[in-house]
J.: 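I'd like to ask you about the structure that follows.
Both backbone and side-chain heavy atoms feed into the values below; hydrogens, waters and symmetry mates do not.
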Amino acid sequence: VVVAIAALLWVAGRLGIPWLSDKSTAEVTSAAGRTWFQIMVLLFLPLASAGFSVFGCRRDESGRWLLDADPARSCYNDAWWRGLFAPGLLAVSVYGFGFPACVYGVLVSRRRKLDAITFTLRFGFLVARFVDTAWWFETAIMARKLGIVIAMTFFFTTSGKAAGALFVLACCVVDLA
């Protein structure tokens, strides 16, 4: 969708629409990239949760392990190991851990290359609400979200999930102090 919109804006600029006609292809491409980046940051929690959902299993009364997301499926059987484990591990690696690392890497890279004003203007959606020295804090927020997703996935009981989430949030508060 973002690529289609960027292409549409590029065509509109070439047709001579006043605001767009003075924008270069690099500027439109850069804006489209930042838009895609912002959408991915906003979708981090549901994407990470979806990636981890393959590992959210619970034991029913009969002792059978069921997938919380789809109780008709069993966990830890041959079909789960062959069909869900590898894609789930890939999704957890990419969405759960890889994307926050990517966000941090992009912010570090761009902060080094751009002057402070340009960096804030281009990445203000991630850094503008924090003091200048806390430009990295969006990745800390993503880590907190990841901790909550992990607690909701790997604790089986409701009280265990609540205790796990409370522990994650308490650690985040201690980190702020």
Side-chain angles (χ1 to χ4, degrees), residues 1-13 19-56 69 84-155 161 163-177:
V1 172
V2 174
V3 174
I5 292 171
L8 202 75
L9 290 174
W10 182 80
V11 169
W19 183 79
L20 291 172
S21 61
D22 62 342
K23 304 294 181 210
S24 69
T25 304
E27 289 173 315
V28 173
T29 304
S30 176
R34 288 191 311 275
T35 302
W36 180 254
F37 196 63
Q38 184 173 11
I39 289 169
M40 292 302 292
V41 168
L42 291 172
L43 291 177
F44 172 70
L45 185 59
L47 289 175
S49 181
F52 274 93
S53 70
V54 171
F55 301 102
L84 293 176
F85 179 75
L89 197 58
L90 179 66
V92 164
S93 300
V94 171
Y95 295 130
F97 297 102
F99 190 69
C102 176
V103 168
Y104 182 78
V106 167
L107 290 177
V108 166
S109 167
R110 297 303 185 249
R111 190 164 188 267
R112 286 183 185 150
K113 289 181 182 178
L114 302 171
D115 63 273
I117 294 173
T118 306
F119 175 75
T120 302
L121 287 173
R122 289 191 180 167
F123 295 96
F125 61 92
L126 294 175
V127 301
R129 57 191 165 151
F130 311 117
V131 295
D132 288 342
T133 55
W135 54 267
W136 52 270
F137 203 68
E138 186 64 39
T139 54
I141 291 171
M142 293 174 88
R144 181 186 68 208
K145 290 176 182 179
L146 181 61
I148 297 295
V149 168
I150 289 171
M152 295 297 117
T153 302
F154 293 111
F155 289 99
K161 291 176 189 252
L166 181 63
F167 177 75
V168 169
L169 295 175
C171 289
C172 292
V173 169
V174 168
D175 182 51
L176 290 175

J.: Are more than 12 heavy atoms from other residues, nucleotides or ligands located less than 6.0 Å from atom CG of Asp132?
T.: no

J.: So among Leu121, Thr120, Leu114, which one has a side chain to side chain contact (heavy atoms under 4.5 Å, CB included) with Ile117?
T.: Leu121

J.: What pair of heavy atoms forms the shortest contact from Ala48 to Gly96, and how long is it?
T.: CB-CA, 4.4 Å

J.: Of all heavy-atom pairs between Cys172 and Arg144, which one has the smallest distance, and what is that distance?
T.: SG-CG, 3.4 Å

J.: Would you mind reporting whether Phe37 and Val103 have side-chain heavy atoms less than 4.5 Å apart?
T.: yes

J.: Within the supplied structure, the quantity of interest is the number of heavy atoms (other residues, nucleotides, ligands) at a distance under 6.0 Å from Phe154 CZ; does it exceed 12?
T.: yes

J.: Measure the spacing between CZ of Phe52 and CG of Leu146 and express it to the nearest 0.5 Å.
T.: 5.0 Å

J.: Let me confirm one number: the CZ-OG1 distance from Arg111 to Thr118, rounded to the nearest 0.5 Å.
T.: 13.5 Å

J.: Where the side chain of Ser109 meets the backbone of Gly105, is there a donor-acceptor pair that is under 3.5 Å apart?
T.: no

J.: Dump the intermediate steps for side chain to side chain contact (heavy atoms under 4.5 Å, CB included) on Leu126 and Thr139, then the final yes or no.
T.: CA-CA 9 Å; Leu126 294 175; Thr139 54; over 6 Å; no

J.: Hey, what do you get for CD1 (Ile141) to CG (Leu45), rounding to the nearest 0.5 Å?
T.: 12.0 Å

J.: Nearest 0.5 Å please: distance from the NZ atom of Lys145 over to the CG atom of Leu47.
T.: 11.0 Å

J.: Looking at CZ of Arg112 and CZ of Phe119, how far apart are the two atoms once the value is rounded to the nearest 0.5 Å?
T.: 11.5 Å

J.: Output every pair passing ring-ring contact (aromatic ring centres under 6.0 Å, His included) with a member in residues 87-112, not counting sequence neighbours, ordered by first then second residue.
T.: Tyr104-Trp135

J.: Kindly compute the distance separating CD1 (Ile150) from OG (Ser49), expressed to the nearest 0.5 Å.
T.: 11.5 Å

J.: Can you name the closest pair of heavy atoms from Phe44 and Met142 and give their distance?
T.: CE2-O, 3.3 Å

J.: Between Met152 and Ala165, which heavy-atom pair has the shortest distance, and what is it?
T.: CE-CB, 3.7 Å

J.: With sequence neighbours excluded, what pairs up with Arg122 under the side-chain hydrogen bond (donor to acceptor under 3.5 Å, both in side chains) test?
T.: none

